[in-house]
Amino acid sequence: MRMKKGSWLNYFVFKNIKLRKGRFFIAISAVMLTVAVLTAFVVLSTGIREKMSRELQSYGANMIVTTLTGLPLKEDVTKRIVSNPLVRGFKAHIYGTLTIRGQELEVIGVRKKDFKGVRLEGSFPEGGNQVIVGVKLAEALGIKKGQSLKEEKRGVTFRVSGIFERGSKADTAIVMDLATAREFFGIKGFSALLLNVDTRYISRFTSELKRDFPSLKITTVKQVALAEEKLLKKIELLMVVVSLVVVFSAAITMGSTVGANIIERMEEIGLMKALGARASEVGRFFLYEAMLSGIIGSLLGTLAGVAIAEAVSRTAFNSFVGVEIFWLPLLICLGVVIAVAATLLPVRRATSMRPSSILRGEG
Amino acid sequence: MSIIEVQSLRKDYSTAAALRGVDLVIEKGQWVSIIGPSGSGKTTLLNIIGGLDHPTDGKVFVKGTDINALSEDELSVFRRENIGFVFQQSHLIPYLDATENVMLAQYFHSLPDRKEAEEALKRVGLGHRLTHRPSQLSGGEQQRVCIARALINNPSILLADEPTGNLDRTNTRNVLELLRRLHQEEHFTVVMVTHDPYVTEWAERVIKMEDGRIITDESVSG
Ligand SMILES: Nc1ncnc2c1ncn2[C@@H]1O[C@H](COP(=O)(O)OP(=O)(O)O)[C@@H](O)[C@H]1O
Ligand SMILES: [Mg+2]
């Protein structure tokens with residue numbers, strides 16, 4: 001009929017929790033809230049770099065690769081460069097000039113799929129001798145959609161299938177389809193490769209390229225890279241600050257919940273000590289309870305946190321974020337540690353009090 | 001053979017002195033009543049003997065041990081091994097039933113044993129109240145649970161601070177009769193604080209306190 005100490009501890013703590021469901025619930029909620037917010041932040045911030053950088057691709061290329069000799073980039077070199085996992089996106093260009101109305105005009109050959117973020121009136125010049133003209137150039141030369149343009153050097157006529165506006169200096173150029181440009185200028189390969197490289201590794205990538213292809217000329221677009229890096233740093237700093245605030249306020253909530261619980265149970269503590277309990281033996285009951293609320297709260301909190309992260313991600317990025325599983329046990333441990341740490345101090349203070357001052361009193 | 005020895009005990013609180021030099025020797029197995037008006041220092045004396053409080057000055061030997069020399073944890077162990085307490089307020093744990101309240105004392109002493117706890121409750125006449133919560137028990141019944149709890153680990157000393165303070169005459173008599181029976185069976189030492197002269201009728205020795213001092217100390221026959 002003798003009970004083990006451990007099973008009695010269980011029994012006792014659960015009986016107490018049953019009586020004080022409200023307090024236990026508050027303690028669980030405090031842990032849950034903390035862990036939820038932390039989980040959401042961890043999931044988002046691990047997912048966010050990837051998300052952000054994918055988003056930031058629309059910012060455009062941050063590296064331009066040409067050759068030192070001015071000769072076109074060979075097809076196989078291009079393939080090797082763009083297959084590097086640090087390259088998040090690329091466009092290939094062909095550059096040349098057309099002589100029209102006595103003027104040498106700049107021409108960019110580009111694939112239709114790479115011609116994005118541009119307002120185009122008309123259609124992309126697919127096949128045949130078609131071009132589109134930048135709005136500034138068109139204005140300057142009085143070129144309209146549907147007109148024909150005669151290339152004077154080679155005696156070829158191009159039809160203007162559209163006028164485009166990018167809002168950059170490209171608006172003074174003529175654009176044709178990459179295949180048309182290749183054929184017209186007789187270029188194998190590409191004139192330039194515009195890369196979007198993962199900003200974190202941009203210098204590593206540059207030195208690798210220089211090592212593997214010494215004849216390449218590499219220009220990084222510093223502004224784009226810096227802006228991206230700055231934005232990410234800011235977001236991360238914000239996350240760290242918010243996380244700290246959350247952990248801090250959770251510890252305070254836990255502490256005051258436990259504090260109130262302990263004030264209610266002072267008589268119990270005094271009695272236990274009178275019955276011969278050491279401070280640590282009294283503390284065990286409270287820590288056990290704190291551990292329970294820590295574990296339950298953390299489990300619920302990680303679930304809630306992942307849900308929050310997914311909701312945020314869906315609103316902000318229109319997609320789900322991946323969860324790195326190894327974070328979850330870590331966050332659960334953190335929740336338990338917060339719950340126990342917040343309990344430790346008030347319990348220490350209460351259990352080290354003289355039992356006489358608690359138990360005495362006539363009323 | 002003396003079991004408790006108190007030498008020039010002083011206890012000063014910031015506002016006043018509660019004990020102003022108390023000397024006292026209590027023999028093993030004796031039933032001692034300490035009587036005196038409210039504020040005379042009875043509770044303070046009892047708490048210091050039981051290691052629940054520390055004196056400002058003086059010495060307390062219990063079973064030959066200078067208990068002031070013990071650390072807080074050592075005092076706890078000393079209490080669980082040697083002393084049973086009964087207070088005026090029962091100080092029962094509200095969410096445990098009568099048996100479980102007794103088992104809590106077993107838990108801190110050694111191991112909880114339901115059978116033994118139930119036996120103890122039967123001996124104090126609560127065989128029909130084993131699974132009642134404190135709130136479901138009368139004041140007299142609560143104090144009897146406390147007596148069962150105080151004696152469950154066979155302490156050599158029972159320290160009782162106004163144990164019948166909240167009880168009417170009939171219940172007071174019943175509780176004291178019960179204690180007398182247990183005292184006769186088990187020969188523990190009783191130190192009982194009271195301000196009620198009726199309670200001292202059960203004692204073998206009555207010590208009167210006033211203003212932090214012992215003013216009379218009489219042995220009574222019968
Ligand atoms: N914690 C305390 N702080 C200040 N004074 C106290 C404290 N405890 C007791 N006293 C004072 O010490 C004196 C003796 O108290 P106590 O031992 O409780 O007397 P009794 O039990 O005989 O009524 C009283 O004057 C009381 O006010
Ligand atoms: Mg008193």
Side-chain angles (χ1 to χ4, degrees), chain A residues 1-24 261-286 288-289 292 347-363, chain B residues 38-39 43-44 46-48 50-54 71-97 100-101 103-118 133 146 149-150 152-153 155 159 161-162 165-166 195:
Chain A
M1 275 305 274
R2 299 216 149 213
M3 269 174 101
K4 279 194 192 132
K5 283 226 161 193
S7 55
W8 171 262
L9 187 71
N10 271 322
Y11 184 74
F12 186 97
V13 167
F14 278 103
K15 273 220 147 178
N16 172 57
I17 288 171
K18 238 169 93 182
L19 185 88
R20 281 172 230 271
K21 285 192 207 85
R23 288 239 178 276
F24 192 61
N261 192 6
I262 284 171
I263 288 169
E264 268 179 24
R265 298 176 66 182
M266 268 330 260
E267 185 188 334
E268 234 174 274
I269 293 174
L271 174 79
M272 286 181 183
K273 291 196 76 178
L275 292 179
R278 294 192 191 99
S280 60
E281 290 168 321
V282 178
R284 200 171 294 161
F285 286 95
F286 290 89
Y288 184 68
E289 210 181 303
L292 276 180
V347 166
R348 272 265 184 84
R349 208 180 309 135
T351 55
S352 62
M353 264 177 80
R354 295 263 165 76
S356 63
S357 46
I358 302 169
L359 293 171
R360 77 157 40 242
E362 268 65 37
Chain B
S38 179
T43 296
T44 307
L46 202 71
N47 282 346
I48 291 174
L52 298 177
D53 205 351
H54 290 273
S71 71
E72 228 20 69
D73 275 354
E74 287 167 338
L75 271 178
S76 286
V77 175
F78 155 81
R79 281 195 294 271
R80 73 168 77 148
E81 299 297 344
N82 300 296
I83 296 181
F85 288 96
V86 180
F87 304 97
Q88 179 175 353
Q89 295 104 322
S90 52
H91 295 307
L92 291 166
I93 308 276
Y95 47 87
L96 299 180
D97 65 27
E100 290 159 356
N101 264 288
M103 288 168 77
L104 187 65
Q106 294 175 318
Y107 170 78
F108 290 123
H109 179 265
S110 45
L111 286 174
D113 184 335
R114 186 172 287 276
K115 220 173 215 92
E116 214 175 270
E118 287 173 355
R133 297 255 216 95
C146 291
R149 179 177 66 186
I152 189 70
N153 300 317
L159 299 180
D161 192 352
E162 316 247 12
N166 291 341
H195 62 266

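Reminder, nothing fancy here: chain letters follow the sequence lines and each chain counts from 1.
Heavy-atom pairs under 4.5 Å with chain B peak, among A/L9, A/L271, A/L19, at A/L271.
The NE2 atom of B/H109 sits 11.5 Å away from atom CG of A/L275, with the distance rounded to the nearest 0.5 Å. The CD atom of B/E72 sits 4.5 Å away from atom NZ of A/K273, with the distance rounded to the nearest 0.5 Å.
Only one option out of B/I48, B/L46, B/N47 pairs with A/S356 in a side-chain contact (heavy atoms from CB on, under 4.5 Å); it is B/N47.
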ring-ring contact (aromatic ring centres under 6.0 Å, His included) for A/Y11 and B/Y107? Distances and angles first, verdict last.
CA-CA 12 Å; A/Y11 184 74; B/Y107 170 78; over 10 Å; no
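Residues in residues 12-23 of chain A take part in these salt bridge (charged side-chain N to carboxylate O under 4.0 Å, His left out) pairs, two or more places apart or across chains: A/K15-B/E100, A/R20-A/E264, A/R20-A/E268, A/R23-A/E264.
Of the two parts of A/F14, neither the backbone nor the side chain holds a non-hydrogen atom closer than 4.5 Å to a non-hydrogen atom of chain B.
In B/H195, the NE2 atom is not crowded: 12 or fewer heavy atoms of neighbouring residues, nucleotides or ligands sit closer than 6.0 Å.
For the residue pair A/F285 and B/L104, the shortest heavy atom distance occurs at CZ-CD1, 4.5 Å.
With sequence neighbours excluded, the residues forming a side chain to side chain contact (heavy atoms under 4.5 Å, CB included) with A/R278 are A/S280, A/E281, B/D73, B/S76, B/V77, B/R80, listed by chain and number.
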